[in-house]
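What follows is a short report on a single structure.
Positions are given from 1 along the sequence.
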Amino acid sequence: MASVELITKEDLEELKALIMGYAKPLMTVEEVASYLRLSPHTIRHKIADQTFILGVHYSDKAGKILFAKEKLDTWLWETTQESNNVSIQKKQSGVDRFVRQWSENQKVYRSGVDSVQCQKGRKRADTTA
């Protein structure tokens with residue numbers, strides 16, 4: 001006969017709290033800070049500098065600031081994408097700058113160098129003696 005294990009009321013409450021913690025549609029400043037791995041001070045600063053916008057990311061109608069988890073997830077995703085695009089653009093502009101400088105140096109270098117000696121990396125000897 002198979003043994004049956006009963007779940008205690010405390011275990012059930014703990015499981016319920018765990019599930020609700022992950023599925024909360026609204027979160028406090030402290031919960032958002034924990035979720036984003038930031039300090040509550042940083043979250044409040046982002047509210048003050050309007051990184052988080054009232055009516056978009058959070059509400060204060062309940063007498064306390066409550067964030068919509070769905071809006072935070074969208075903000076986080078968009079911020080990550082923008083950051084990746086900026087990184088790619090910075091890398092690309094760095095490569096472009098390097099190629100442009102190299103090209104300009106080649107023009108200057110070739111103007112005073114014989115093509116055979118250019119391959120050897122030496123300047124043309126002055127033949128007027």
Atom of Val56, atom of Lys71 and distance for their closest heavy-atom approach
O-CG, 3.1 Å
Which heavy atom in Ala33 sits nearest to a heavy atom in Ser39, and how many Å separate them?
CB-C, 3.7 Å
Can you tell me how far CG of Leu76 sits from CG of Leu72, rounded to the nearest 0.5 angstrom?
8.0 Å
Whether His57 and Trp75 hold their rings parallel, tilted or perpendicular, with breakpoints at 30° and 60°
perpendicular
Gap separating the CG atom of Leu36 from the CG atom of Asp73, nearest 0.5 angstrom
8.5 Å
Do Glu31 and Phe67 come close enough that some side-chain heavy atom pair is under 4.5 Å?
no
With the side chain counted from C-beta on, respond yes when Phe52 and Ile43 share a heavy-atom pair under 4.5 Å apart, and no when they do not.
yes
Side-chain heavy atoms under 4.5 angstrom apart, residues restricted to Ile, Leu, Val, Met, Phe, Trp, Tyr: same cluster for Ile53 and Ile47?
no
Under the side-chain contact (heavy atoms from CB on, under 4.5 Å) rule, what do Leu66 and Met27 come out as? Steps first, then yes or no, please.
CA-CA 5 Å; Leu66 295 174; Met27 297 188 290; over 6 Å; no
Within this structure, what is the CG-NZ distance for the pair Leu38 and Lys46, rounded to the nearest 0.5 Å?
6.5 Å
May I ask you to test the Lys69-Val32 pair for a side-chain heavy-atom distance under 4.5 Å?
no
